[in-house]
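The structure under discussion appears below in the form of structure tokens.
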Amino acid sequence: MADPPKFDKKSRYTEGRGIAGAFEGETVTRRRLMEGGAQLAGGMAVAATALPALGFALGPLLEESEPERWQDVGPENNFNDETYVPKVISLVPQVGDAGKTTIYVRKDNPQKDKRVKGQGPNPPYVAISTRCAHLGCPVRYIQASQKFVCPCHGGVYGFAGQVEGGPPVRPLDRFYTRVSSGRVEVGKRFSLNSELKRFPHPRDPSNHLDGLWQYLYPGRPTT
Ligand code: FES
């Protein structure tokens with residue numbers, strides 16, 4: 001009886017290693033080749049899904065943010081701590097009137113205002129955005145009830161912009177304020193969660209900011 005053929009386990013050819021169905025000159029088995037191809041295709045599919053999502057989440061934070069810009073909204077004696085004064089500021093100066101918005105400004109009211117977390121003492125003026133935190137409709141301040149009301153889906157906010165009813169998911173955004181030579185100036189927008197913790201990179205309407213939600217929505221520095 002003939003001796004069984006001897007195979008060299010270290011041979012670079014599949015045939016030399018005694019692999020069943022091997023072709024002459026083949027160095028990688030078809031099974032290994034298919035496995036490698038499937039893994040490569042899987043890796044490409046994951047990258048095609050994950051990279052755009054990562055870019056969406058981190059991109060805005062890496063964008064160059066707006067330069068510091070303060071806008072004059074009037075002398076200090078224009079404002080008191082019992083009601084808001086509507087003022088028009090420019091959010092996107094490059095597009096003229098289309099980039100303007102109305103904001104509401106008043107003096108800080110130590111009796112009614114909770115301290116905003118994430119800054120020192122509250123600044124002497126409060127500037128509130130009119131962009132509803134539900135879907136962005138313009139809210140209106142009603143002095144008789146001391147509430148902000150959204151005409152679109154019935155969102156209601158209290159005197160400090162906190163949610164009191166309807167679908168909005170967080171308080172109204174605010175703007176940084178300061179006083180310069182007796183005049184009130186308004187800076188960039190920031191967002192707040194329901195505990196009045198400040199998020200310096202503002203979020204889009206409908207983005208929750210409580211609990212784990214704060215990590216799921218990227219900031220929009222230029223919003
Ligand atoms: S947009 Fe204001 S409640 Fe829906």
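Counting only residues at least two apart or on different chains, the disulfide (SG to SG under 2.5 Å) pairs with a member in residues 108-142 are Cys137-Cys152. Applying the disulfide (SG to SG under 2.5 Å) definition to pairs two or more places apart or across chains, none involves residues 91-128. The salt bridge (Lys or Arg N to Asp or Glu O under 4.0 Å) pairs that include a residue from residues 38-48 number zero, where partners must be two or more places apart or lie in different chains.
Annotation for Lys87: atom NZ counts as buried by contact number, over 12 foreign heavy atoms lying within 6.0 Å.
Atom OG of residue Ser191 and atom CZ of residue Arg203 lie 7.0 Å apart, to the nearest 0.5 angstrom. A distance of 6.0 Å separates CZ in Arg174 from CG in Leu196, rounded to the nearest 0.5 Å. In this structure, Lys114 NZ and Glu195 CD are separated by 7.5 Å, a value rounded to the nearest 0.5 Å. Taken from CD1 in Ile128 to CG in Leu172, the straight-line distance is 6.0 Å, to the nearest 0.5 Å. Atoms CG and CG, from Asp204 and Leu135 in turn, are 11.0 Å apart once rounded to the nearest 0.5 Å. Here the OG-NE2 distance, from Ser206 to His134, works out to 7.5 Å after rounding to the nearest 0.5 Å.
In plain terms, the two heavy atoms of Arg69 and Leu91 that are nearest each other are NH2-O, 3.5 Å. Ser129 and Arg189 get closest at one heavy-atom pair: OG-NH1, 3.0 Å.
Residues Lys197 and Asp210 are not paired through a salt bridge, judged by the lack of any N-O separation under 4.0 Å between the basic side chain and the carboxylate.
Under the rule for a ring-ring contact (aromatic ring centres under 6.0 Å, His included), the partners of Phe148 that lie at least two apart in sequence or sit in another chain are Tyr84, Tyr104, Tyr141. Considering only residues two or more places apart in sequence or on other chains, Thr83 meets the side-chain hydrogen bond (donor to acceptor under 3.5 Å, both in side chains) condition with Gln143. For Lys100, the salt bridge (charged side-chain N to carboxylate O under 4.0 Å, His left out) partners at least two apart in sequence or on another chain are Asp97. Asp81 meets the salt bridge (charged side-chain N to carboxylate O under 4.0 Å, His left out) test with no other residue; sequence neighbours excluded. For Arg115, the salt bridge (charged side-chain N to carboxylate O under 4.0 Å, His left out) criterion is met by no residue, not counting sequence neighbours. For Trp213, there are no side-chain hydrogen bond (donor to acceptor under 3.5 Å, both in side chains) partners two or more places apart in sequence or in a different chain. By the salt bridge (charged side-chain N to carboxylate O under 4.0 Å, His left out) test, Arg170 pairs with Asp173, sequence neighbours left out.
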Do any side-chain atoms of residues 154-168 form donor-acceptor pairs under 3.5 angstrom with protein atoms, and if so which ones, sequence neighbours left out?
residue: Tyr157; atom: OH; partner: Ala133; partner atom: N; Å: 2.9
residue: Gln162; atom: OE1; partner: Ala160; partner atom: N; Å: 3.1
residue: Gln162; atom: NE2; partner: Glu164; partner atom: OE2; Å: 3.3
residue: Glu164; atom: OE1; partner: Lys147; partner atom: NZ; Å: 2.7

Donor-acceptor contacts under 3.5 Å from residues 72-79 side chains, at least two apart:
residue: Asp72; atom: OD1; partner: Gly74; partner atom: N; Å: 2.7
residue: Asp72; atom: OD1; partner: Arg183; partner atom: NE; Å: 3.3
residue: Asp72; atom: OD1; partner: Arg183; partner atom: NH2; Å: 3.2
residue: Asp72; atom: OD2; partner: Arg183; partner atom: NE; Å: 2.5
residue: Glu76; atom: OE1; partner: Tyr125; partner atom: OH; Å: 2.8

* List the steps and the verdict of side chain to side chain contact (heavy atoms under 4.5 Å, CB included) for Phe175 and Phe190. => CA-CA 6 Å; Phe175 293 84; Phe190 60 92; 5.7 Å; no

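Screening Leu192, Leu216, Asn193, Val169 for a side-chain contact (heavy atoms from CB on, under 4.5 Å) with Leu209, the sole residue that qualifies is Asn193.
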